[in-house]
Amino acid sequence: MNPLNHVAIIMDGNGRWGIKKKNSRNSGHKEGLKTVEKIIKQAVKKKISYLTLYAFSTENWKRPKKEIDYLFRLLENFLTKKLNELHKNKIKLKIIGTKNFSPKLNRLLKFAEKKTSNNKTLQINLALNYGSKSELIDALRKLKNSNRKITEKNLIKYLQTSNIPDPDFLIRTGNTKRLSNFLLWQLAYSEIFFEKKLWPDFNEKDFNKIVKEYKLIKRNFGNV
Ligand code: IPE
Ligand code: IPE
Ligand code: MG
């Protein structure tokens with residue numbers, strides 16, 4: 001059976017759920033946050049070490065300001081309310097992506113990272129203003145300036161995910177089959193599960209089913 005260390009998720013489908021149920025995309029984002037909490041708890045139960053959640057891409061700035069503002073308010077409220085609980089459960093929070101939000105949110109994110117930095121149960125990598133292409137460009141620039149040799153091993157050191165093993169598998173909910181600029185390097189050998197359900201409808205049972213399926217896959221890594 002395959003060991004399970006790192007799960008990455010593209011949490012897609014909030015907007016469609018919100019429109020369908022309440023005629024507002026934002027209500028889908030609010031509901032999606034409940035799924036986030038469920039899946040975090042499930043990841044702890046399953047003793048997964050890393051959970052990487054795609055919450056906001058570098059491309060998502062194209063969305064209407066009203067939606068963007070709502071998303072970041074949701075995140076701010078969530079952290080304000082739940083940070084102590086996360087910390088009590090020994091969860092470590094790391095942001096991947098560029099923190100260029102409001103000064104208040106930037107401070108809150110840095111505070112949350114620092115407060116939880118020694119926790120060892122589960123590490124949540126929250127991808128916020130994250131884009132894989134800009135991550136790679138940035139890493140290449142740093143590698144070049146370091147005068148180190150351009151090798152895989154050296155490049156990895158400058159990715160935002162340095163010190164984090166590559167995801168064992170990726171789940172994308174929302175019935176869409178693409179990567180949307182998420183972890184292009186890191187997913188090179190990950191198993192990929194495209195899930196029809198919209199993120200707010202996704203639950204522990206769906207997650208467990210995927211874990212079970214993943215464990216039985218024959219992973220070759222080029223070998224036979
Ligand atoms: C994903 O859900 C969440 C974010 C990008 C923040 P969407 O908002 O993309 O939902 P759909 O794809 O429009 O339904
Ligand atoms: C990907 O979803 C980003 C997040 C889940 C944060 P999108 O809904 O933004 O992806 P595209 O634009 O449909 O590819
Ligand atoms: Mg979407």
Side-chain angles (χ1 to χ4, degrees), residues 6-40 42-43 50-79 82 93-102 105-106 108-109 112 123-137 159-161 164 167 169-188 190-203 206-207 210:
H6 184 177
V7 175
I9 308 182
I10 301 177
M11 311 182 287
D12 196 23
N14 288 349
R16 278 164 285 162
W17 189 97
I19 293 290
K20 200 172 78 190
K21 303 269 173 162
K22 297 188 174 154
N23 204 25
S24 109
R25 291 183 52 83
N26 284 350
S27 73
H29 292 309
K30 189 171 165 201
E31 193 68 20
L33 195 53
K34 294 183 190 160
T35 308
V36 173
E37 292 192 69
K38 283 184 205 162
I39 298 307
I40 291 174
Q42 204 55 24
Y50 301 90
L51 178 66
T52 302
L53 301 173
Y54 205 8
F56 195 86
S57 74
T58 46
E59 287 72 30
N60 286 146
W61 294 109
K62 292 175 193 159
R63 295 188 178 204
K65 186 173 181 302
K66 193 175 139 231
E67 181 170 342
I68 296 174
D69 287 348
Y70 185 84
L71 276 167
F72 288 115
R73 227 178 317 127
L74 211 56
L75 173 67
E76 219 174 273
N77 289 341
F78 176 79
L79 282 179
K82 302 283 173 152
L93 188 70
K94 180 185 163 66
I95 308 301
I96 61 168
T98 311
K99 288 191 210 71
N100 63 353
F101 313 108
S102 69
L105 182 57
N106 288 340
L108 181 58
L109 293 171
Q123 175 168 333
I124 299 175
N125 305 309
L126 191 63
L128 275 182
N129 187 22
Y130 172 86
S132 193
K133 288 189 179 180
S134 75
E135 176 193 34
L136 281 164
I137 295 288
L159 293 177
Q160 307 224 8
T161 52
I164 301 170
F169 67 79
L170 167 78
I171 303 171
R172 181 177 188 138
T173 59
N175 201 20
T176 302
K177 296 185 176 113
R178 54 178 174 251
L179 293 180
S180 304
N181 201 13
F182 190 47
L183 303 175
L184 301 179
W185 174 284
Q186 297 86 339
L187 292 171
S190 308
E191 306 300 328
I192 301 184
F193 295 87
F194 292 110
E195 163 68 46
K196 287 210 171 80
K197 280 192 182 179
L198 304 172
W199 179 248
D201 290 328
F202 190 72
N203 60 36
D206 302 314
F207 185 77
I210 292 174

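Each ligand, and each atom within it, is numbered from 1 in the order the structure gives.
- Looking only at distances, a side-chain donor or acceptor of Thr35 sits under 3.5 Å from a matching main-chain atom of Trp199.
- When the N, O or S atoms of Asp12 are ranked by distance to the Mg ion (ligand 3), OD1 comes first.
- Two residues are said to be in side-chain contact when any heavy atoms from C-beta on lie closer than 4.5 Å; Leu128 and Leu75 meet this criterion.
- In plain terms, the two heavy atoms of Lys197 and Asp206 that are nearest each other are NZ-OD2, 2.9 Å.
- If you check which protein heavy atom lies closest to atom 7 (P) of ligand 2, you get Arg63 NH2, 3.8 Å.
- Nearest-heavy-atom check against atom 10 (O) of ligand 2 across Arg172, Arg16, Glu59, Met11 picks out Arg172.
- A salt bridge links Lys34 with Glu31: at least one charged nitrogen is closer than 4.0 Å to a carboxylate oxygen.
- Heavy-atom neighbours of Lys30 NZ from other residues, nucleotides or ligands within 6.0 Å: at or below the threshold of 12.
- For the atom pair CD1 (Ile40) and NZ (Lys82), the distance works out to 9.5 Å, reported to the nearest 0.5 Å.
- For ligand 2, one of its N or O atoms has an N or O atom of Arg178 under 3.5 Å away.
- When each atom of ligand 1 is checked for a heavy atom of Leu71 under 4.0 Å away, the hits are 6 (C).
- The CG atom of Leu109 sits 9.0 Å away from atom CZ of Phe72, with the distance rounded to the nearest 0.5 Å.
- Counting heavy atoms under 4.0 Å from ligand 2, residue Ala55 touches it through the backbone alone.
- Put simply, no part of Gly28 is less than 4.0 Å from ligand 1, judged by heavy atoms.
- Ring-plane geometry between Phe207 and Phe202 is classed as perpendicular, the angle between the planes exceeding 60 degrees on a 0 to 90 degree scale with a lower cut at 30.
- A distance-only check finds no donor-acceptor pair linking the side chain of Asn125 to the backbone of Lys94 [under 3.5 Å].
- Only the backbone of Phe56 comes within 4.0 Å of ligand 2, counting heavy atoms alone; no side-chain atom from C-beta on gets that close.
- A heavy-atom separation below 4.0 Å is found between Gly13 and ligand 1.
- Checking atom 12 (O) of ligand 2 against the protein gives no heavy-atom contact under 4.0 Å.
- Polar contact with ligand 2: present for Asp12 (N/O pair, distance under 3.5 Å).
- Under 4.0 Å from ligand 2, not a single heavy atom of Thr176 appears.
- Under a 4.0 angstrom heavy-atom cut-off, Lys62 registers as lying outside contact with ligand 2.
- Taking atom 9 (O) of ligand 2 as the reference point, the nearest protein heavy-atom neighbour is Asn60 ND2, 2.8 Å.
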